[in-house]
Participant: 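A single structure is presented below for examination.
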Amino acid sequence: MARHLITSALPYINGVKHLGNLVGSMLPADAYARFLRLSGEEVLFICATDEHGTPAELAAAAAGCEVEEFCTRNHEIQARLCEGFELSFDHFGRTSHLANHQLTQHFAEQLLANGFLESRVTKQVYSLADGRFLPDRYVEGTCPNCGYENARGDQCENCTKTLDPAELIHPRSAISGSTDLELRDSAHMFLLQSKLADRLRAWIDDKGSQWPTVATSIARKWLDEGLQDRGITRDLKWGIPVPFEGFESKVFYVWFDAPIGYLSATVEWAQLAPEGETRSFESWWRTDQGAEDVIYTQFMAKDNIPFHTLSFPATIMGSGEPWKLVDQLKGFNWLNYYGDKFSTSQHRGVFMGDALELLPADTWRWYLLSNAPETSDTSFRWELFADSVNKDLVGTLGNFANRCVAQIDRHFDGVAPSAGEPGDVERSLVKRVRGLIEEYDAHFNALEFRKSAATLRAIWAEGNVYLEEREPWRAIKTDPVMAAMTMRVALGMVRLCGHLSTPFIPAAAQRLVNSLDGAEVLSGVGSELADSILEIQAGTPFDMGGLLFARVTEEQVADWVLRFGGAES
RNA sequence: GGUGGCGUAGCUCAGUUGGUAAGAGCACUCGGCUCAUAAUCGAGGGGUCGUCAGUUCAAGUCUGACCGCCACCA
């Protein structure tokens, strides 16, 4: 049996993430982790907050607190939201953790020793008023190309020309507005990715054949254009110190230490081992120390693909050490909001905190995963969200469970009835479900979330189809034995639906499973599970404790469109 | 400007290497049922697959041009 290491792209620390961030990495990673656990596989699911860099510094300043304090506070906020969405991380760490300092510095030292780092002197903008160097994008001025007065030092938003801060006319600090700027020489370490390009290409040609098109096409595009060496240090205070002589005032670029956070968060996890349990970080990450059987799957949205397919692998390869490289890579396209981007600054779209205030996590998980932007960008629409909840969760799954509740309570004293033997209808049901479970399994193993969701929905629908076939509400009057057998089998479907739904809607799935007090809990995800439909013990108490999901009303949709902005914005 | 991607039923999207693939869900229509949160089950209508021109025995599926949209440019 293989062991599965799963990582989700790390959410940045500067604020609450929106639904696009959620569905682009953390949520599908969680569904996959849950599916594998359900299969009986050994899983380690790791995530963390990405905390370094200028945006964090500025957000902290805006919040009027020290950046460390800001990060601690926001890490807690994000951790709570992740719990709210039932993201089942084995550990949710922080890139500012000491473990990441040690590993990041270690990688840099290895890279330097192996000749993959080189110090180069660059011109950086220094703001005397701010008392600090300014990253390119925090220098503003007039664009030399089009005359736009608020061009950023990296690029003019008006004419889209790529700029160097030194080119700007009347440059000023975007932080303080000060024009008291000067160019200073500053030495920085460059990761010599160009020297690793051939190895990266060969690796991608090999491993990448199984990745989504969006991943390999982006990676190859960068390789085809010629992989540039990349500065991995910055003139900042907030970050991981660079352990080289002459670099005492500098830190690593956030994109260098962030993916190493996958490793360091695993170290954090190992350090948190409870009494009597031994956890080995190395056995998950070092192929010379037990990780040779690990299958490593990364989840990310497409903006992160270059770092996961090129920069981070370059870091690992350049270290000359046997660290685990990614095996399966799942990249997602964008989730838009009514056709345009989610935007934190314009407060456009729905954010994780908003979402949980409105409806339970399961409803969001279901909508997002069953409509995930796997092969192309997709659009969030409240109307579709409501349809998805009402049609699938309320109408198909919830309704099936509730139909069982009504019959069992009314006619069978709330317990699984004992009379009757299954017939051809039941054997046919089992056969259809067996085929559907096989499909479900195959789609999940292929990381096809929309397809696995559609298959799961088809399994739910089989519950309703079965009731229509046997019509127990009618049979109870003419053939009570048949009605009893039907409802016992229906409860078998309830148990199976609950079990199989765990990756998508864990809370509702748990309620379904728990509704049958004392029934044997299913395990695994194989098609033989279909037989369990016929194996509910007579006398098993059945109690859902109320409706599984609430309908989303038209009034709610209208209210939310108004509150969050709909098509017009 | 450069690069990448996209334009398939009213809506959101699937469509492996070109040949029963023109599909799914929702919406809509009709019918069944009435146990169930006006839920469910069945059937059906609907698209010259952005435009034009090519390659081919055969093209959403390849080539070129054009129109429109999006993203990225470290």
Side-chain angles (χ1 to χ4, degrees), chain A residues 135-137 145-146 154-156 159-163 190-191 193 213-214 216-222 224-232 253 255-256 301-307 310-311 333-336 338-341 367 370-411 443 446 448 450-451 453-455 457-458 460-477 483 486-487 490 544 546-554 567:
Chain A
D136 291 355
R137 56 184 286 207
N145 187 49
C146 72
D154 54 345
Q155 181 181 29
C156 174
C159 69
T160 74
K161 180 177 171 58
T162 304
L163 299 173
F190 280 72
L191 177 61
Q193 299 187 129
T213 309
V214 66
T216 48
S217 74
I218 289 175
R220 291 217 172 84
K221 177 196 140 202
W222 284 40
D224 292 344
E225 289 176 356
L227 203 53
Q228 301 295 303
D229 297 330
R230 189 181 177 86
I232 60 160
Y253 181 37
W255 259 112
F256 183 72
K302 62 185 175 185
D303 55 328
N304 279 336
I305 285 172
F307 301 101
L310 300 167
S311 307
N333 290 282
W334 302 120
L335 177 68
N336 289 319
Y338 285 86
D340 287 317
K341 285 177 78 170
Y367 168 80
S370 63
N371 293 284
E374 290 183 289
T375 54
S376 67
D377 294 353
T378 66
S379 285
F380 175 89
R381 309 180 70 89
W382 287 104
E383 298 83 353
L384 292 173
F385 169 68
D387 281 345
S388 178
V389 172
N390 290 342
K391 189 71 184 172
D392 299 336
L393 298 181
V394 175
T396 305
L397 179 62
N399 184 41
F400 170 61
N402 196 41
R403 293 171 95 178
C404 292
V405 169
Q407 297 297 318
I408 295 285
D409 281 355
R410 192 168 306 162
H411 303 299
H443 288 143
E448 299 257 25
R450 297 174 73 114
K451 288 178 181 172
T455 308
R457 183 177 48 212
W460 297 343
E462 286 295 346
N464 288 310
V465 171
Y466 176 63
L467 292 182
E468 296 289 333
E469 285 180 319
R470 285 298 194 194
E471 299 186 303
W473 50 90
R474 178 178 292 183
I476 193 70
K477 299 169 191 159
T486 299
M487 290 319 300
M544 285 296 302
L547 295 172
L548 200 55
F549 292 103
R551 273 188 69 79
V552 177
T553 65
E554 288 181 25

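Note on naming: letters A, B, ... go to the chains in the order of the sequence lines (proteins, then strands), and numbering restarts at 1 for each one.
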Participant: Should B/G44 form a Watson-Crick or G-U wobble pair with both distances under 3.5 Å, which nucleotide is its partner?
Facilitator: B/C28
Participant: Atom CZ of A/R474 and atom P of B/C33: how far apart are they, to the nearest Å?
Facilitator: 7 Å
Participant: Suppose you measure atom P in B/G42 against the same atom in B/C26; what distance do you get, rounded to whole Å?
Facilitator: 11 Å
Participant: Name the nucleic acid region contacted by A/I476, choosing base, sugar-phosphate or nothing; use a 4.0 angstrom heavy-atom cut-off, strictly under.
Facilitator: nothing
Participant: Please give the distance between the C1' atoms of B/G15 and B/G23 as a whole number of Å.
Facilitator: 7 Å
Participant: Heavy atoms under 4.0 Å, any strand shown: does A/F549 hit a base, just sugar-phosphate, or nothing?
Facilitator: base
Participant: Pull up the glycosidic torsion of B/G18 and say syn or anti, syn being anything within 90° of 0.
Facilitator: anti
Participant: Nearest whole Å is fine: how far is B/C73 C1' from A/D303 CG?
Facilitator: 14 Å
Participant: Quickly work out the A/I305 CD1 to B/A74 C1' distance and round it to whole Å.
Facilitator: 15 Å
Participant: Check every atom of B/U34, B/U37, B/C41 against the side chain of A/L548 and return the nucleotide holding the closest atom.
Facilitator: B/U37
Participant: From the list B/C33, B/U40, B/C13, which nucleotide is the closest neighbour of the side chain of A/T396?
Facilitator: B/U40
Participant: For the backbone of A/T378 and the side chain of A/N333, can you confirm whether one donor and one acceptor N or O come within less than 3.5 Å of each other?
Facilitator: no
Participant: Could you tell me how far apart A/F385 (CZ) and B/C11 (C1') are, to the nearest whole angstrom?
Facilitator: 17 Å
Participant: Consider the side chain of A/K391, meaning its heavy atoms from C-beta on, and name the nucleotide among B/A71, B/U12, B/A27 that approaches it most closely.
Facilitator: B/A27
Participant: Distance between the C1' atoms of B/G47 and B/G7, in whole angstroms?
Facilitator: 14 Å
Participant: Measure from the side-chain N and O atoms of A/S370 to the backbone N and O of A/A454, and report whether any donor-acceptor pair falls under 3.5 Å.
Facilitator: no
Participant: Is the backbone N or O of A/V552 less than 3.5 Å from a side-chain atom of A/N390, with the two atoms forming a donor-acceptor pair by type?
Facilitator: yes
Participant: When you measure from the side chain of A/N402 to the backbone of A/G398, do you find a donor-acceptor pair of N or O atoms at a distance under 3.5 Å?
Facilitator: no
Participant: Could you state the CZ-C1' distance from A/R230 to B/C73, rounded to the nearest angstrom?
Facilitator: 12 Å
Participant: Among B/C33, B/C41, B/C13, find the nucleotide with the atom closest to the side chain of A/E468.
Facilitator: B/C41
Participant: Can you tell me, in whole Å, how much space there is between the P of B/G1 and that of B/U8?
Facilitator: 25 Å
Participant: For the backbone of A/M487 and the side chain of A/Q407, can you confirm whether one donor and one acceptor N or O come within less than 3.5 Å of each other?
Facilitator: no
Participant: Which of these nucleotides, B/C35, B/A39, B/C41, is closest to any side-chain atom of A/N399?
Facilitator: B/A39
Participant: Using the P atom as the reference point in each nucleotide, state the distance between B/C49 and B/G60 in Å, no decimals.
Facilitator: 7 Å
Participant: If we call it a pair only when both distances are under 3.5 Å in a Watson-Crick or G-U wobble match, what pairs with B/C35?
Facilitator: none
Participant: Taking the six-membered ring where the residue is Trp, are the ring centres of A/F400 and A/Y466 under 6.0 Å apart?
Facilitator: no
Participant: How far does the C1' atom of B/C52 sit from the matching atom of B/C57, given to the nearest Å?
Facilitator: 23 Å
Participant: Any side-chain N or O of A/R403 under 4.0 Å from OP1/OP2 of B/A39?
Facilitator: no
Participant: Using modelled atom types only, decide if a donor and an acceptor are shared between the side chain of A/S388 and the backbone of A/L384 within a distance under 3.5 Å.
Facilitator: no
Participant: Does the structure show a Watson-Crick or G-U wobble partner for B/G18, both distances under 3.5 Å? Name it, or say none.
Facilitator: none
Participant: In the structure shown, which nucleotide is the Watson-Crick or G-U wobble counterpart of B/U63, with both distances under 3.5 Å?
Facilitator: B/A53
Participant: Taking for each residue the nucleotide of RNA chain B with the nearest heavy atom, is it A/N402 or A/R450 whose nucleotide lies nearer the 5' end?
Facilitator: A/R450
Participant: If you find the nucleotide of RNA chain B closest to A/D387 and the one closest to A/L547, which residue's nucleotide is nearer the 5' end?
Facilitator: A/D387
Participant: Compare side-chain N and O positions of A/K451 against OP1 and OP2 of B/A24 and report whether any pair is under 4.0 Å apart.
Facilitator: no
Participant: Below 30° counts as parallel, above 60° as perpendicular, anything between as tilted: where do the rings of A/W255 and A/F307 land?
Facilitator: parallel
Participant: Give one of base, sugar-phosphate or nothing for A/V465, where a contact means two heavy atoms less than 4.0 Å apart.
Facilitator: sugar-phosphate
Participant: Provide, to the nearest angstrom, the distance between the CH2 atom belonging to A/W460 and the C1' atom belonging to B/A39.
Facilitator: 15 Å
Participant: Reckon A/A454 touches a base, only the sugar-phosphate, or nothing at all at heavy-atom distances under 4.0 Å?
Facilitator: nothing
Participant: Nearest whole Å is fine: how far is B/A71 P from A/N333 CG?
Facilitator: 13 Å
Participant: Compare the minimum distances between each of B/C13, B/C11, B/C35 and the side chain of A/R410, then state the nucleotide with the smallest one.
Facilitator: B/C35
Participant: On a whole-Å scale, what distance lies between the C1' atoms belonging to B/A9 and B/G45?
Facilitator: 11 Å
Participant: If you measure from the P atom in B/A58 to the same atom in B/C69, how many Å do you get, rounded?
Facilitator: 35 Å
Participant: How many whole angstroms separate atom CG of A/L467 from atom P of B/U37?
Facilitator: 14 Å
Participant: Which base sits across from B/U3 as a Watson-Crick or G-U pair, both distances under 3.5 Å?
Facilitator: B/A71
